[in-house]
**Q** 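Let me give you the structure first, and then I'll get to my questions.
Small disclaimer: the values here were computed from a predicted structure and weren't measured.
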Amino acid sequence: MLGLYRLATILAGPLIGLYLGRRRAAGKEDPERFPERLGQASVERPVGVVVWIHATSVGESLSVLPLVERLLLRRPGSHVLVTTGTVTSARLMAERLPERALHQYVPVDRPGAVRRFLDHWRPDLALWTESEFWPNLVAGTQARGIPMVLVNGRMSDRSYRRWRHLRGLIRPLLAGFALCLAQSGRDGQRLTSLGAVDVRVAGNLKTAAAPLPSSHAAMETLRKALGGRPLWLAASTHDGEEAMAAAVHKSLSAAHPDLLTIIVPRHPERGEAIAQELRGKGLTVARRAAKVTVGRDTEIYVADTMGELGLFYRLATVVFVGGSLVPHGGQNPLESARLDCAVVHGPHMTNFA
């Protein structure tokens, strides 16, 4: 099955190119660093040991930061390469990666791009996070004799159902990992049943993450603008959840006429569309990305910026965690709980069961 997959990705080159072109047009690819997606590195490989950590997006990349720091502390002469696939995660890594750690976009899973990536970086160790198994990339890494470890391993209900029908593809991939560190016993059992050899339950790496940072100056400015108003926060919301938050606001404002609802969308680029939708419901909306300050008449504050969740968690006492009123699987509730917020979520929390 791996051979068939490799052939399919070769033949589908034009379609994959079209797909990536549409992502670029939609702002989901970095135009300046797009060659990295084709396996063309934008920086030289550091001399010495390079540990490569692949994390999917924002949540996974933030969760590996303590691991990055520990690796660099244990091996003073080494470097860490972190790869992700989203523009937002790249921006966060640019701000938060320590010295001797660098970021690149993960290559698209085609044999040529994978080969160029591995030829350039020649990692000494590869750490994969959660359940991000790109067959060409995993198999190409394994074929070069690079030891691979799965950290924070997870197998959601949906992924498990899918991979059970593709055992011929997933089994040799998982068998190539020297060690799989699972988040839970259930995840470990699923990884074992799909072909992983040495599986151990190590817990969730996200519990080791430091509290999200915030700017003291930005907090004081916003606190002054709020003037002691009661507020609640809808964090990391997905499409459809903003309208639900607006309905909650209207319901609560009868008892709390000065209420402010803050919405931080999971994807900040949706900020303007969210603002327009909620204005259509008769609400007064201000957008942080547009540098509009909160006024006394502001009912909804759309915080469509990157890297400021720590600020809003510190301001709010009640937080709704998004991705849970729609069948997405939920977003990380630990970040808000760590900052002493009361956490509310919907029924779809399978990613953080």
**Q** Determine the interplanar angle of the His103 and Tyr105 rings, folded into 0 to 90°, and report it as parallel if under 30°, tilted if 30 to 60°, perpendicular if over 60°.
**A** perpendicular
**Q** What closest approach, in Å, do Val114 and Val108 show between heavy atoms, and which atom pair accounts for it?
**A** CG2-O, 4.2 Å
**Q** Would you sort out whether Ile262 and Ile300 count as a side-chain contact (heavy atoms from CB on, under 4.5 Å), showing the intermediate values?
**A** CA-CA 6 Å; Ile262 302 175; Ile300 308 285; over 6 Å; no
**Q** Is it the case that over 12 heavy atoms from other parts of the model lie below 6.0 angstrom from the CD atom of Glu220?
**A**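 More than 12 within 6.0 Å, yes.
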**Q** Verify side chain to side chain donor-acceptor pair (under 3.5 Å) between Thr207 and Asn204, making sure each step is shown before the conclusion.
**A** CA-CA 6 Å; Thr207 62; Asn204 194 330; 5.8 Å; no
**Q** Looking at Tyr301, is Arg288 sitting on its ring face, NZ or CZ under 6.0 Å from the six-membered ring centre and within 45 degrees of the normal?
**A** no
**Q** Got Leu65 and Leu97 here, is their nearest side-chain heavy-atom distance under 4.5 Å?
**A**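 A side-chain contact under 4.5 Å exists here.
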**Q** Set out, in order, the CA-CA distance, both residues' side-chain angles and the distance that settles side-chain contact (heavy atoms from CB on, under 4.5 Å) for Leu125 and Met148, then state yes or no.
**A** CA-CA 6 Å; Leu125 172 66; Met148 296 190 300; over 6 Å; no
**Q** Under the side-chain contact (heavy atoms from CB on, under 4.5 Å) criterion, do Leu20 and Arg24 qualify, and how do the steps go?
**A** CA-CA 6 Å; Leu20 291 174; Arg24 289 182 67 177; 5.6 Å; no
**Q** Does the ring pair (Phe, Tyr, Trp, His ring centres under 6.0 Å) test come out yes or no for Trp128 and Trp52, once each step is laid out?
**A** CA-CA 8 Å; Trp128 297 68; Trp52 166 36; 5.5 Å; yes
**Q** If you look at every heavy atom in Asn152 and Leu205, which pair is closest and at what distance?
**A**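 Closest approach of Asn152 to Leu205: OD1-N, 2.5 Å.
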**Q** Can you check whether Ser57's main-chain N or O pairs, donor with acceptor, with Glu60's side chain at less than 3.5 Å?
**A**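 Present.
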**Q** More than 12 non-hydrogen atoms from neighbouring residues, nucleotides or ligands closer than 6.0 Å to CZ on Arg167, yes or no?
**A** yes
**Q** Taking atom types as modelled and ignoring hydrogens, do the side chains of Tyr160 and Ser193 form a donor-acceptor contact shorter than 3.5 angstrom?
**A** yes
**Q** Taking all non-hydrogen atoms of both residues, which atom of Lys281 and which atom of Ala243 are closest, and how far apart?
**A** CE-CB, 3.9 Å
**Q** More than 12 heavy atoms of other residues, nucleotides or ligands under 6.0 Å from CD of Glu95: yes or no?
**A**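 Yes.
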**Q** Surrounding CG of Asp297 (heavy atoms of other residues, nucleotides or ligands, distance under 6.0 Å), is the total greater than 12?
**A**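 Yes.
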**Q** Crowded around Arg96 CZ? As in, over 12 foreign heavy atoms under 6.0 Å?
**A**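 Count over threshold, so yes.
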**Q** Taking side chain as C-beta onward, heavy atoms only, is Gln40 less than 4.5 Å from Phe117?
**A**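 In short, these two side chains do not touch, never coming nearer than 4.5 Å.
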**Q** Please list, one pair per line, the donor and acceptor atoms closer than 3.5 Å that link side chains of residues 344-353 to other protein atoms, with sequence neighbours excluded.
**A**
residue	atom	partner	partner atom	Å
Asn351	OD1	Arg154	NH1	3.0
Asn351	ND2	His328	O	3.4

**Q** For Ala289 and Asp304, work out which heavy atoms get closest and say how close.
**A** N-OD1, 2.9 Å
**Q** Please say whether more than 12 non-hydrogen atoms of neighbouring residues, nucleotides or ligands are located less than 6.0 Å from CZ in Arg70.
**A** no
**Q** Of the non-hydrogen atoms in Leu72 and Pro98, which two are nearest, and what is the gap between them?
**A**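 Shortest heavy-atom contact: CD1-CG, 3.8 Å.
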